[in-house]
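Step one of this worksheet: look at the structure below.
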Protein chains: 2
Amino acid sequence: MSARPANPHLANDILATTASLIEEVGPEGVTMRAVAERIGYSATTIYLYFENKERLLNEAVNRAFDWFADRLERAQDEALPAARIRQAARAYLDWGLDNPGMYRLMFEWGYLGDISPESVFARRASWRRSRSLIEFGVSQGTFRRDLDSAVAADLMWATCHGLTSLAISGRMFGNPGTVDATVVRERSAALADALVDTWLSDWTGPPRDL
Amino acid sequence: MSARPANPHLANDILATTASLIEEVGPEGVTMRAVAERIGYSATTIYLYFENKERLLNEAVNRAFDWFADRLERAQDEALPAARIRQAARAYLDWGLDNPGMYRLMFEWGYLGDISPESVFARRASWRRSRSLIEFGVSQGTFRRDLDSAVAADLMWATCHGLTSLAISGRMFGNPGTVDATVVRERSAALADALVDTWLSDWTGPPRDL
DNA sequence: TCCCGTACTTAACGCTGTTTAGTGACCTGC
DNA sequence: GCAGGTCACTAAACAGCGTTAAGTACGGGA
């Protein structure tokens with residue numbers, strides 16, 4: 001590991017293959033031999049590029065965190081604060097439901113190892129963006145004057161995670177496979193919207209526009 | 001399995017040992033041989049009582065769901081609706097943080113297998129209790145008139161799960177071990193309280209009593 | 001005493017992550 | 001042109017995993 005073969009291309013292939021296997025067979029189904037076979041090398045070759053399986057998965061997770069943060073950042077083209085925060089929540093849910101295997105590895109296998117400083121930084125940046133967005137909404141009069149932006153941002157993230165996690169494990173709206181995935185997606189999004197609704201200064205009823 | 005030895009006491013021991021191992025070494029650290037060694041039998045004996053490891057864990061999970069529902073039900077001695085719903089949220093968080101291994105198995109290993117009809121029923125009952133509690137709060141004037149009790153109950157559960165899950169994996173307030181557990185517990189509880197706060201009809205600021 | 005069923009164990013299989021000991025191709029120096 | 005060394009990779013093995021097949025010890029009835 002410390003002195004890796006001079007073939008960064010292969011390291012990349014290993015990571016990409018690992019990421020696709022994580023989605024195909026779930027984090028627990030990934031084996032060193034399966035990764036190796038798919039890239040056409042022997043299992044021991046992987047150990048020339050990664051110290052062990054944990055490090056390999058950890059690196060895959062760190063890449064995914066960057067990818068995830070990227071997606072959240074991109075989903076910011078709405079003009080008004082409420083619409084924009086809802087857009088961010090939807091982007092969160094969508095990413096998690098599109099990449100359930102990786103999502104579980106990222107957020108539920110915390111004992112795997114600490115995430116990279118870059119990923120921590122990216123996540124903090126996303127959180128700060130949410131927070132300042134909420135603050136902006138408060139200053140614009142969209143959200144209630146008394147809304148604490150830090151608390152609201154924390155709640156937003158925790159709720160998005162809760163919805164995504166429950167949707168993936170099938171513990172909220174029925175088991176996956178038995179319930180239509182798009183229904184789960186819509187109900188989750190509706191609940192995230194509902195959270196934002198409670199922050200509106202002029203909120204007087206069930207979901208509406210803006 | 002289908003024709004088990006006439007020793008229900010041993011089946012019980014296996015389940016109890018499995019449950020404690022889940023907490024001690026995490027769900028992924030549990031092995032048939034470890035369970036067997038602890039109860040003083042050989043690993044194959046377990047197969048006389050449970051079809052395989054998945055069924056064993058599944059049964060342990062179902063017991064835990066009952067235990068969890070029990071705890072939530074017990075935490076209902078507060079008189080006023082807002083205090084009582086907060087109490088339920090705290091009981092939820094506390095149970096999860098007291099039993100992180102089992103909690104992960106229950107809510108994050110959804111692919112393990114469907115939970116038992118009894119557990120599904122118990123969870124639905126808990127959810128309905130939350131909902132009617134919120135409805136009662138609305139009728140009492142504690143919560144905003146326009147609050148949808150079904151949506152609020154869903155949000156409460158999703159948020160409690162999100163907070164618990166993030167607290168366990170260390171993805172919200174820092175990695176476990178590096179951050180004081182009681183701090184994580186308090187911050188999670190404060191956020192759950194904040195969610196309830198937004199439902200209050202006379203809510204005009206940061207956390208207060210009731 | 002023989003027999004049978006019950007409760008349990010031993011030994012093995014194929015899988016896993018990981019380590020040790022190579023193998024073969026290529027580059028360098030003479 | 002060829003020895004020596006390095007670099008990228010592999011084959012074989014180890015311990016541990018879930019699981020199965022075969023076997024053992026014992027107790028009760030005929």
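Proteins get letters first, then strands, A, B, ... in listed order; numbering begins at 1 in each.
The list of side-chain hydrogen bond (donor to acceptor under 3.5 Å, both in side chains) pairs with a residue in residues 156-167 of chain B, not counting sequence neighbours, reads Thr159(A)-Thr159(B), His161(A)-Ser165(B), Ser165(A)-His161(B), Tyr103(B)-His161(B), Glu108(B)-Ser165(B), Ser130(B)-Trp157(B). Among residue pairs with one or both ends in residues 12-25 of chain A, those qualifying as salt bridge (Lys or Arg N to Asp or Glu O under 4.0 Å) are Glu24(A)-Arg38(A); sequence neighbours excluded. Within the structure, salt bridge (Lys or Arg N to Asp or Glu O under 4.0 Å) contacts touching residues 155-169 of chain A (residues at least two apart or in different chains) do not occur.
For the pair Asn52(B) CG and dG14(C) P, the computed distance is 20 Å after rounding to whole Å. The nearest whole Å value for the distance from the CG atom in Leu21(A) to the P atom in dG17(C) is 11 Å. Taking atom CD on Glu28(B) and atom P on dT16(C), their separation rounds to 18 Å, with Å as the unit. If you take CG of Leu10(B) and P of dT9(C), they are 9 Å apart, rounded to a whole angstrom. Rounded to whole angstrom, the span from the CZ atom of Phe50(A) across to the C1' atom of dG17(C) amounts to 16 Å. Note: CG (Asp13(A)) to C1' (dC9(D)) measures 15 Å, nearest angstrom. At whole-Å resolution of the value, NZ in Lys53(B) and P in dT19(D) are 8 Å apart. Leu48(A) places its CG atom 13 Å from the C1' atom of dT20(C), with the value rounded to the nearest Å.
Remark: Arg55(A) does not engage Glu59(A) in a salt bridge, criterion side-chain N to carboxylate O under 4.0 Å.
Checked by distance alone, Arg33(B) brings no side-chain donor or acceptor within 3.5 Å of a matching partner on the base of dG16(D).
Judged by distance alone, the side chain of Asp148(B) and the main-chain N or O of Val151(B) form a donor-acceptor pair under 3.5 Å. The main-chain N or O of Ile134(B) is never found under 3.5 Å from a side-chain atom of Ser149(B) such that the two would form a donor-acceptor pair.
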Inset, instruction - Under the side-chain contact (heavy atoms from CB on, under 4.5 Å) rule, what do Arg171(A) and Arg123(B) come out as? Steps first, then yes or no, please. - result: CA-CA 10 Å; Arg171(A) 288 283 180 257; Arg123(B) 294 189 58 225; 4.2 Å; yes
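Note on ring orientation: taking the six-membered ring where Trp is involved, the planes of Trp95(B) and Phe68(B) are tilted (angle from 30° to 60°).
Residue Tyr47(A) places none of its side-chain N or O atoms closer than 4.0 Å to OP1 or OP2 of dT20(C).
When the C1' atoms of four end pairs are superposed on the next four at each end of the helix from dT1(C)-dA30(D) to dC30(C)-dG1(D), using five pairs per end, the two resulting axes differ in direction by 40°, to 10°.
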Side-chain atoms of residues 75-85 of chain A: list all donor-acceptor pairs with protein atoms under 3.5 Å, sequence neighbours left out, distances to 0.1 Å.
| unit_1 | atom_1 | unit_2 | atom_2 | d |
| --- | --- | --- | --- | --- |
| Gln76(A) | OE1 | Arg84(A) | NE | 2.9 |
| Asp77(A) | OD1 | Gln87(A) | NE2 | 2.6 |

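Across residues 34-46 of chain B, Tyr41(B), Ser42(B), Thr44(B), Thr45(B) each have a non-hydrogen atom less than 4.0 Å from an atom of DNA chain C (numbered order).
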